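Nothing here was measured: the structure is a model prediction, and the numbers come from that model. Reminder, nothing fancy here: chain letters follow the sequence lines and each chain counts from 1.
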Amino acid sequence: MTPTLFPAHFEGDPVRIARDLLGGTLVRVLDTGERLSGRIVEVEAYDCPRDPACTAGRFHAARSAEMAIAAGHWLFWTAHGHPLLQVSCRPAGVAASVLIRALEPQEGLGQMLSFRPVTRERDLTNGPAKLVYALGLNPAQVSGTPVNSPALHLLPPDTPLTDEAVRVTARVGIKEGRHLPWRFTVRGNPWVSPALPSMDLVGQG
DNA sequence: ACTTCGATGCTCT
DNA sequence: GAGCATCGAAGTA
């Protein structure tokens with residue numbers, strides 16, 4: 001039985017934490033007790049203030065304040081009207097996090113399809129907002145709760161992924177900071193998001 | 001109050 | 001590969 005990850009596991013460098021989280025499992029337990037889960041096959045790290053892609057760091061308003069919650073809590077970044085699920089990774093006051101970008105569905109596929117009907121099953125959870133919808137997450141309800149909450153928690157990989165199994169690329173959809181190899185995907189996994197860029201910055205493709 | 005801009009997704013070609 | 005829907009937040013006034 002894999003132990004649940006606690007908030008203390010998420011204090012530190014979001015780049016390392018993102019890499020370690022890849023291959024783990026995101027578990028959602030509905031009010032009905034039904035269990036939805038998926039293997040984490042794509043993550044990105046954001047680390048204000050050293051990160052030029054971390055726009056939250058350049059603002060001083062409610063948005064970055066929400067994001068600057070203490071390590072080990074769920075939070076949502078909103079982009080283009082869509083909620084993106086993240087885990088905070090730094091002490092309170094610093095906006096840094098791991099963004100969960102794609103899942104390979106494991107338990108509760110039918111319920112997920114009910115939350116988010118798609119024509120191709122492949123499209124169910126292969127994007128950061130897609131997985132939020134598929135798991136039926138309510139950002140207002142989940143934001144600010146610890147990562148070991150019964151309703152939404154994380155399990156580490158059964159066995160750590162080898163470097164060969166991990167593909168390292170630039171992050172998706174950002175303007176600055178494209179040189180940073182802070183996106184981690186499970187090599188060859190069909191549930192990785194179709195988003196560009198796909199060019200490897202480290203290792204070979 | 002109005003404009004601009006995304007850490008996106010969808011629907012076409 | 002391109003165009004558009006979308007919405008919260010920032011910047012401007």
Taking atom C1' of B:dA7 as reference, at what distance in whole Å does atom CG of A:Leu131 sit? 13 Å
Every protein N/O lying under 3.5 Å from an N/O of nucleotides 10-13 of chain B:
{"from": "B:dC10", "atom 1": "OP1", "to": "A:Arg116", "atom 2": "NH2", "distance (Å)": "2.4"}
{"from": "B:dC10", "atom 1": "OP2", "to": "A:Arg116", "atom 2": "NH2", "distance (Å)": "2.7"}

Length of the CG-C1' vector between A:Leu84 and B:dG9, whole Å: 11 Å
What is the distance, to the nearest angstrom, from the NZ atom on A:Lys175 to the C1' atom on B:dC5? 8 Å
Stacked cation flag A:Arg171 on A:Tyr46, 6.0 angstrom / 45 deg: yes
Could you check whether A:Arg122 makes a cation-pi contact with A:Trp191, meaning its NZ or CZ is under 6.0 Å from the centre of the six-membered ring and within 45° of the ring axis? yes
Within less than 4.0 Å of OP1 or OP2 of B:dT8, is there a side-chain N or O belonging to A:Arg101? yes
Round to the nearest Å and state the distance from A:Trp77 atom CH2 to C:dA10 atom C1'. 11 Å
Quick test of your reading of the model: are A:Arg16 and A:Asp47 salt-bridged, counting only N-O distances below 4.0 Å? no
Between A:Val27, A:Leu26, A:Leu5, A:Ile40, which is the residue that forms a side-chain contact (heavy atoms from CB on, under 4.5 Å) with A:Leu155? A:Val27
Searching all strands shown, indicate the nucleotide that pairs with B:dA1 (Watson-Crick or G-U wobble; both distances under 3.5 Å). C:dT12
How many whole angstroms separate atom CG of A:Leu99 from atom C1' of B:dT8? 11 Å
Closest non-hydrogen atom pair between A:Val41 and A:Val192, with its separation: O-CG2, 3.6 Å
Do the side chains of A:Arg183 and A:Glu42 get close enough for a salt bridge, i.e. N-O under 4.0 angstrom? yes
Interatomic distance, A:His82 NE2 vs C:dA5 C1' [rounded to whole Å]: 8 Å
Would A:His80 count as stacking on B:dT8 if stacking means ring centres less than 5.5 angstrom apart and planes tilted under 30 degrees? yes
Roughly, in whole Å, what's the span from OH in A:Tyr46 to P in B:dG6? 12 Å
Classify A:Ile174 by what it touches in the nucleic acid, base, sugar-phosphate, or nothing, heavy-atom distance under 4.0 Å. sugar-phosphate
On a heavy-atom basis, which atom in A:Trp74 and which in A:Ile100 lie closest, and how many Å separate them? CZ3-CD1, 4.0 Å
